[in-house]
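Below is one structure, written out as structure tokens; the observations come after it.
Note that the numbering runs from 1 along the sequence shown for the chain.
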Amino acid sequence: MPINKPYLPKNTPANELRSLGRAVKPKDAATLIIVRRDSLQPQILMGKRSAEHKFMPNKFVFPGGKVDLGDSRIRPPNDLHPSVLQRLMKGCSESRARALALAAIRETFEETGLLLGETDSLTIKTRSPQWQAFLQHGINPRLDTLNLIARAITPPYRNRRFDTRFFMVDADIIQGDVYAAPQGSGELLAMHWVSLIDAEKLDLPIITRMILKEVEQRLTSGQSPEAEGPFIYFRNGKPVIDKV
């Protein structure tokens with residue numbers, strides 16, 4: 001079946017479009033929005049995707065990535081808030097819900113070098129190489145401070161699709177110097193702490209720009225683990241905004 005052409009945005013590169021056949025099944029992914037509150041204006045961490053990336057090259061995004069098999073094989077001492085876990089479980093199992101939250105922390109570590117967790121408990125063990133790199137610092141990931149603020153599924157006209165959960169967390173759970181320039185795998189370039197006003201001036205994906213509005217609202221009016229956020233997906237070629 002050909003793509004429904006009227007709903008293709010003009011700014012989507014041709015090499016990111018699906019040409020024929022069924023839509024690609026989205027892969028589970030997670031993103032972490034880290035908020036610093038130690039200056040006059042709150043700041044968030046963003047980085048630029050390399051021009052070599054096949055998915056959204058040169059765009060500024062929050063750290064994050066796909067769920068890894070090892071993300072479902074560890075259980076940190078500090079679990080998700082029950083309301084966050086319940087909201088995450090819409091459409092997935094309890095273990096998958098935790099894996100999504102853990103993926104956000106792990107991917108942030110890999111892309112930025114920042115360790116979000118705590119040191120007051122016995123370090124958990126795992127055979128996952130990705131998590132061994134994190135846990136060797138004697139820090140356990142901490143899930144209880146993560147808030148689920150949004151979910152978005154990449155449109156079906158794209159040849160790479162992700163079902164992404166967006167988490168928000170305060171920078172005060174970072175172990176080490178939050179002021180230091182983040183240094184990770186090199187997957188994200190030009191990483192820096194940026195105010196919401198300056199973030200809106202960057203070259204952003206459409207979804208990221210929508211999520212920034214949600215972040216701004218929560219920073220202004222406050223947030224709780226029970227607070228619902230936007231769930232953005234497509235139905236019959238048209239964008240739909242539901243609640244998660």
Side-chain angles (χ1 to χ4, degrees), residues 1-33 44 46 48-49 53-67 83-93 96-97 99-101 103-104 107 146-168 196-197 199-221 223 225-244:
M1 179 185 297
I3 300 177
N4 195 340
K5 296 293 184 181
Y7 301 108
L8 295 181
K10 296 179 181 179
N11 59 351
T12 304
N15 64 351
E16 294 186 25
L17 295 176
R18 174 176 61 89
S19 55
L20 298 171
R22 289 176 174 265
V24 177
K25 182 179 179 180
K27 296 180 179 179
D28 280 333
T31 288
L32 194 57
I33 300 148
I44 56 177
M46 302 195 76
K48 185 178 181 180
R49 291 176 63 82
H53 278 279
K54 294 180 180 179
F55 183 75
M56 296 185 179
N58 297 314
K59 298 288 186 180
F60 277 88
V61 296
F62 313 112
K66 293 183 292 185
V67 175
S83 294
V84 173
L85 179 61
Q86 183 179 18
R87 291 168 53 222
L88 274 171
M89 287 174 60
K90 294 178 180 178
C92 72
S93 66
R96 192 62 170 179
L100 286 160
E107 283 285 341
L146 270 62
N147 272 325
L148 175 66
I149 69 165
R151 178 183 177 185
I153 301 179
T154 311
Y157 55 74
R158 285 187 175 268
N159 54 20
R160 291 175 180 82
R161 302 184 66 207
F162 299 95
D163 185 349
T164 305
R165 279 71 164 188
F166 293 81
F167 296 91
M168 186 170 165
L196 295 184
I197 293 175
E200 291 177 353
K201 300 174 185 176
L202 299 173
D203 186 4
L204 305 172
I206 295 174
I207 293 297
T208 303
R209 197 171 294 279
M210 295 174 70
I211 301 301
L212 275 178
K213 297 297 184 185
E214 181 68 18
V215 172
E216 181 179 14
Q217 178 179 331
R218 288 172 182 258
L219 289 176
T220 302
S221 59
Q223 64 171 330
E226 295 84 5
E228 294 182 323
F231 175 19
I232 307 157
Y233 61 98
F234 283 72
R235 180 184 294 156
N236 299 324
K238 297 182 179 181
V240 177
I241 300 180
D242 210 333
K243 290 291 185 180
V244 64

- Please report the closest heavy-atom contact between A99 and V67, naming both atoms and the distance. CB-CG1, 4.1 Å
- F231 and K243: side-chain contact (heavy atoms from CB on, under 4.5 Å), yes or no, with the steps? CA-CA 5 Å; F231 175 19; K243 290 291 185 180; 5.9 Å; no
- Task: Look up atom CD in E226 and atom CG in L148, then write down how far apart they are to the nearest 0.5 Å.
- Result: 12.0 Å
- Spell out, as yes or no, whether a donor-acceptor pair under 3.5 Å connects the side chain of R161 to the backbone of T154. yes
- What one should report as the nearest heavy-atom pair of F166 and I207 is CZ-CG2, 3.9 Å
- Item | Backbone of P225 reached by a side-chain donor or acceptor of R87 within 3.5 Å | yes
- What distance separates I206 CD1 from M210 CE, expressed to the nearest 0.5 Å? 9.0 Å
- Task: Answer yes or no: does atom CD of Q86 have more than 12 heavy-atom neighbours from other residues, nucleotides or ligands under 6.0 Å?
- Result: no
- Task: Considering non-hydrogen atoms only, spot the tightest contact between F62 and L32 and give its length.
- Result: CB-O, 3.6 Å
- Closest approach of K48 to N58 (non-hydrogen atoms, all atoms of both residues): CE-O, 3.5 Å
- Message: Assess whether a salt bridge exists between R151 and E228, defined as any Lys/Arg side-chain N lying under 4.0 Å from an Asp/Glu carboxylate O.
- Response: no
- Message: Could you tell me if the side chain of P63 sits less than 4.5 Å from the side chain of I33, heavy atoms only?
- Response: no
- Task: For R49 and F60, indicate whether the former's side chain and the latter's backbone hold a donor-acceptor pair under 3.5 Å.
- Result: no
- Message: Measuring only between side-chain heavy atoms, which start at C-beta, is D163 closer than 4.5 Å to Y233?
- Response: no
- Query: So with a 6.0 Å cut-off around NZ of K66, is the heavy-atom count from everything else above 12?
  - Reply: no
- Shortest non-hydrogen contact between R218 and A227, atoms and distance: NH2-O, 3.3 Å
- Query: Side-chain contact, heavy-atom cut-off 4.5 Å: T31 with E107?
  - Reply: no
- Query: Does T220 use its side chain to pair, donor to acceptor, with the backbone of E216 at less than 3.5 Å?
  - Reply: yes
- For residues E214 and P230, determine if any side-chain heavy atom of one lies less than 4.5 Å from a side-chain heavy atom of the other. yes
- Task: Using a 4.5 Å cut-off on heavy atoms from C-beta on, say whether the side chain of I232 contacts that of V240.
- Result: no
- Query: Do L204 and K59 come within less than 4.5 Å of each other through their side chains, counting heavy atoms only?
  - Reply: no
- Would you sort out whether D28 and R96 count as a salt bridge (charged side-chain N to carboxylate O under 4.0 Å, His left out), showing the intermediate values? CA-CA 9 Å; D28 280 333; R96 192 62 170 179; 2.9 Å; yes
- Task: Verify side-chain contact (heavy atoms from CB on, under 4.5 Å) between V215 and I149, making sure each step is shown before the conclusion.
- Result: CA-CA 8 Å; V215 172; I149 69 165; 3.7 Å; yes
- Item | Side-chain heavy-atom pair I44, M168 within 4.5 angstrom cut-off | no
- Which heavy atom of L202 sits nearest a heavy atom of R209, and at what distance? O-NH2, 3.2 Å
- Query: Roughly how far, to the nearest 0.5 Å, is the CG atom of L212 from the CD1 atom of I197?
  - Reply: 12.0 Å
- Task: Please examine the side chains of P205 and V61, heavy atoms only from C-beta on, and report whether any two atoms are closer than 4.5 Å.
- Result: yes
